[in-house]
Amino acid sequence: MLSKKALAWLVALPAVKGQDQLEPENVPSFVPVCETVTFSPPSLGVGVTIRSIGAEIQRNYTTHGGEHGISDIDGLNFCQVKVHLNHKGSDDDVLVEVWLPLSRDDWNDRFQGTGGAGMSTGMLGAALGPAVKGGYAASSTDGGHPIQETDDTTWVLKEDGTIDWNLLTNFATRSLVESVVVGKSMTEQFYNEKPKYSYWNGCSQGGRQGYMLAQQYPHLLDGILANAPAISLTHLAMADFWPQLVMKEEGLWMSSCEFNYFRQKAMESCDMIDGVSDGVISEPDLCDFDPLHLIGQVFYCGDKPVEVSRAMANIVRRIQEGPRTPVKTSLWYGLKHGTSFDVLASTTITNEGLRTPNPFPISTGFIQSFLLKDVSFNATRLNYADYTALWAQGNSEFGWLLDADKPDLASLQASGTKLLTWHGISDPVIPYQSTVQYRKRVELLMGGANEVDKFYRLFLAPGAEHCAGGNGPVPTDPLAALIEWVEDGKPPETLEAETTTYEGDRVTRELCAWPGIARYMGIADPKRASSWSCHGGTERPEEDVAEDEDNIRSGRAGQILDGLKDRLEGLGMGFTIG
């Protein structure tokens with residue numbers, strides 16, 4: 001007689017052997033349910049309390065972009081999860097929003113943490129919309145201060161006029177980590193499986209946040225896309241006030257028209273450095289244009305003639321040199337030739353012709369709220385000595401928390417996480433030189449360019465502005481390049497980029513991995529990427545190149561040669577190579 005255990009084994013046997021053949025057809029797989037009861041509080045450590053979790057289905061939803069060139073998106077269907085949390089010892093109410101594609105089939109198995117803009121910790125729907133449209137489960141957070149205007153800094157002060165270090169810590173580091181942890185947890189609970197890969201996607205403030213995560217918490221992510229990063233935030237906030245200070249000290253508030261005349265003349269002088277006249281100065285370091293040479297020239301703003309004065313030329317020159325101490329010691333980078341001054345050197349002109357300063361709100365807010373703790377202070381009263389003292393104060397009081405410029409990326413290297421950045425050379429808010437300087441410092445500390453290329457790559461976009469726009473081509477899908485690097489092991493040698501000219505012509509380009517520079521080959525249409533090739537990039541060490549041809553071609557030199565081969569053969573001139 002069979003034992004009970006043997007009988008149980010026989011009953012279970014069909015389910016083990018030939019299970020695939022015996023399962024009924026059309027059995028539904030796991031179906032996500034967008035209800036509050038689906039989700040339970042994730043573990044966020046001691047001192048963090050989850051106040052509430054709420055889930056709601058959103059259909060035909062519209063998000064509004066605006067920041068960083070993000071477009072409005074409509075027709076979205078997703079599960080919206082709102083998690084409110086509090087930190088012990090404070091009365092903060094931090095919102096983390098997680099948006100989840102409604103069905104398992106609509107989810108691409110990936111999670112995306114999204115960054116902020118200006119002085120906002122996150123952009124919520126503006127950033128979550130594109131992510132969920134692309135199939136990602138995604139999260140964003142307000143850091144405990146609701147988003148109204150991204151340039152608002154008043155939230156950093158308590159009612160008694162002191163710094164709210166709790167909210168500032170949320171903004172700088174803590175809420176970003178919590179947003180990723182909460183987002184990944186909600187994703188796993190909703191789909192009953194963990195995301196296969198997790199990414200960060202941010203620009204400007206979101207870029208700084210990405211670098212902070214790369215330096216301190218790289219294990220939370222597989223790939224970090226951090227563009228035009230405000231990595232040295234305290235320096236940047238002060239540097240962005242420099243153009244206003246220069247005009248005040250020279251006693252002349254210049255108009256946008258006047259600045260644009262100097263920009264036009266610089267473009268005429270240096271546009272052809274790369275061999276193409278396209279309104280882009282590709283290598284501004286090679287541009288030797290001197291604004292002092294324009295003194296005495298006459299041009300028109302509207303119907304009024306304007307003669308270039310020494311004061312005007314000095315203002316342009318000093319803005320391009322960047323912030324200096326009273327003894328001419330360099331503090332930070334200036335705006336390169338070809339970059340617009342309209343954002344940082346803005347002025348207001350009344351109907352009567354009266355000119356008044358119109359400084360960048362984040363820089364004045366940093367001076368008022370962070371440094372002087374007086375939101376009514378008129379920052380245009382500052383002189384060079386005051387400015388230098390405030391610069392030192394900002395770095396001393398807040399640099400340790402707000403600046404994400406530590407070059408030690410050992411944790412990132414060890415985690416296997418990849419860091420990818422692009423930065424517009426004509427960025428009018430965050431000078432690209434700061435990102436180049438950071439990359440150089442990482443190389444000095446971590447074994448040189450070839451070693452750093454294995455986990456961190458930088459791309460410069462000539463003519464591109466802040467996170468989007470400009471006369472030069474802008475990367476079309478850098479996140480896809482990062483995904484290919486992370487998931488397929490193919491590091492990007494170039495980034496596809498494009499723009500549309502004022503005449504409506506489409507311009508394509510392949511941006512080169514730094515320090516490579518794209519040069520026009522002198523033949524065919526310069527609006528086509530195939531007419532350009534990369535020069536001056538970092539070559540792979542010989543011992544790192546495998547013997548088989550496929551691996552040889554996967555190196556930077558091989559990919560450039562392959563690209564050159566394709567370009568020459570694609571010109572239709574009878575070339576055949578190989």
Side-chain angles (χ1 to χ4, degrees), residues 228 236 239-240 242-244 246-247 250 252 254-297 299 301 306 308-324 328 330-346 360 422-437 459-466 469-474 499 501-502 507 509 511-512 514-515 517-520 526 535-536:
L236 180 64
D240 281 353
W242 176 252
Q244 298 287 331
V246 169
M247 288 192 289
E250 286 285 346
L252 175 64
M254 290 178 62
S255 69
S256 176
C257 172
E258 291 163 349
F259 279 124
N260 285 334
Y261 177 74
F262 284 87
R263 185 185 184 193
Q264 173 191 338
K265 288 299 180 180
M267 195 67 66
E268 291 174 3
S269 176
C270 301
D271 189 3
M272 285 294 292
I273 287 176
D274 58 9
V276 176
S277 177
D278 56 1
V280 173
I281 300 177
S282 295
E283 299 176 66
D285 285 337
L286 301 181
C287 180
D288 59 1
F289 171 76
D290 187 346
L292 295 177
H293 292 165
L294 299 183
I295 295 174
Q297 293 191 15
F299 63 99
C301 284
V306 178
V308 176
S309 66
R310 180 168 294 275
M312 294 168 66
N314 279 334
I315 288 171
V316 172
R317 179 177 54 83
R318 300 202 70 179
I319 291 174
Q320 290 177 330
E321 287 176 346
R324 298 286 191 273
K328 311 304 181 185
S330 176
L331 290 170
W332 202 241
Y333 305 98
L335 301 179
K336 286 289 189 178
H337 295 299
T339 301
S340 173
F341 287 10
D342 288 351
V343 177
L344 302 185
S346 175
F360 189 51
W422 76 266
H423 203 148
I425 285 181
S426 294
D427 191 324
V429 179
I430 303 178
Y432 76 94
Q433 305 97 294
S434 62
T435 306
V436 171
Q437 180 209 44
F459 294 81
L460 299 181
E465 297 184 349
H466 188 57
N471 291 335
V474 175
T499 189
T501 67
Y502 291 114
V507 179
R509 193 72 46 83
L511 306 180
C512 308
W514 187 86
I517 296 171
R519 297 265 173 81
Y520 177 52
H535 294 260

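Since we're looking at a predicted model, the values are computed, not measured. For this chain, numbers begin at 1 and follow the sequence in order.
- Considering every non-hydrogen atom in both Gly469 and Val474, the closest pair reads O-CG2, 3.6 Å.
- Considering only heavy atoms from C-beta on, Leu252 stays 4.5 Å or farther from Met247 through its side chain.
- Here the side chains of Thr501 and Val507 are in contact, with some heavy-atom distance below 4.5 Å.
- For Gln433 and Gln437, the side-chain atoms include no donor-acceptor pair closer than 3.5 Å.
- If you take CD1 on Ile517 and SG on Cys512, they are separated by 8.0 Å, rounding to the nearest 0.5 Å.
- Counting heavy atoms from C-beta on, the side chains of Met312 and Glu250 never come closer than 4.5 Å.
- Under 4.0 Å is where a charged nitrogen must lie from a carboxylate oxygen, and between Arg263 and Glu258 no such pair does.
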Mind running side-chain contact (heavy atoms from CB on, under 4.5 Å) on Ile281 and Ile425 for me, showing each step along the way?
CA-CA 9 Å; Ile281 300 177; Ile425 285 181; over 6 Å; no
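- Taking 4.5 Å as the limit, some side-chain heavy atom of Phe360 sits within range of a side-chain heavy atom of Val429.
- Inter-residue side-chain proximity for Asn260 and Cys257 is flagged as unmet; no heavy-atom pair is nearer than 4.5 Å.
- Here the shortest heavy-atom pairing between Asp271 and Gly279 reads OD2-N, 2.9 Å.
- Interatomic distance, Phe341 CZ to Phe259 CZ, rounded to the nearest 0.5 Å: 6.5 Å.
- Residues Pro473 and Arg509 approach most closely at CG-CB, 3.7 Å, considering heavy atoms.
- Panel note: side chain Gln244, backbone Ser346; a donor-acceptor pair is recorded below 3.5 Å.
- Within the 4.5 Å cutoff, side-chain heavy atoms of Phe289 are placed close to those of Leu294.
- Summarising the geometry of Leu511 relative to Ala461, their closest heavy-atom pair is CD1-CB, 3.7 Å, with the distance given to 0.1 Å.
- With Pro291 as the partner, the side chain to side chain contact (heavy atoms under 4.5 Å, CB included) test is satisfied by one option alone out of Ile319, Val316, Val308: Val316.
- Atom CH2 of residue Trp332 and atom CG of residue Asp240 lie 10.5 Å apart, to the nearest 0.5 angstrom.
- Judged by distance alone, the side chain of Asn471 and the main-chain N or O of Asp278 form no donor-acceptor pair under 3.5 Å.
- For the pair His423 (side chain) and Ile430 (backbone), a donor-acceptor distance under 3.5 Å is present.
- The two residues Gly472 and Thr499 have their closest heavy-atom pair at O-CB, 3.8 Å.
- In this structure, Gly338 and Met267 approach most closely via the heavy-atom pair CA-CE, 4.0 Å.
- Distance check: Ser269 OG to Gln264 CD gives 12.5 Å after rounding to the nearest 0.5 Å.
- Expressed to the nearest 0.5 Å, how far CD1 of Ile273 lies from OG of Ser282 amounts to 8.5 Å.
- His337 has its side chain out of reach of Cys270: every pair of non-hydrogen atoms, C-beta onward, lies at least 4.5 Å apart.
- At a threshold of 4.5 Å between non-hydrogen side-chain atoms, the residues Tyr432 and Leu460 count as touching.
- Salt-bridge formation is detected for the pair Lys336/Asp285: a Lys NZ or Arg NE/NH1/NH2 atom is positioned less than 4.0 Å from an Asp or Glu carboxylate oxygen.
- Using bins of under 30°, 30° to 60° and over 60° for the plane-to-plane angle, the ring pair Tyr261/Phe299 lands in the parallel bin.
- The distance from the OH atom of Tyr333 to the CD atom of Glu321 is 15.0 Å, given to the nearest 0.5 Å.
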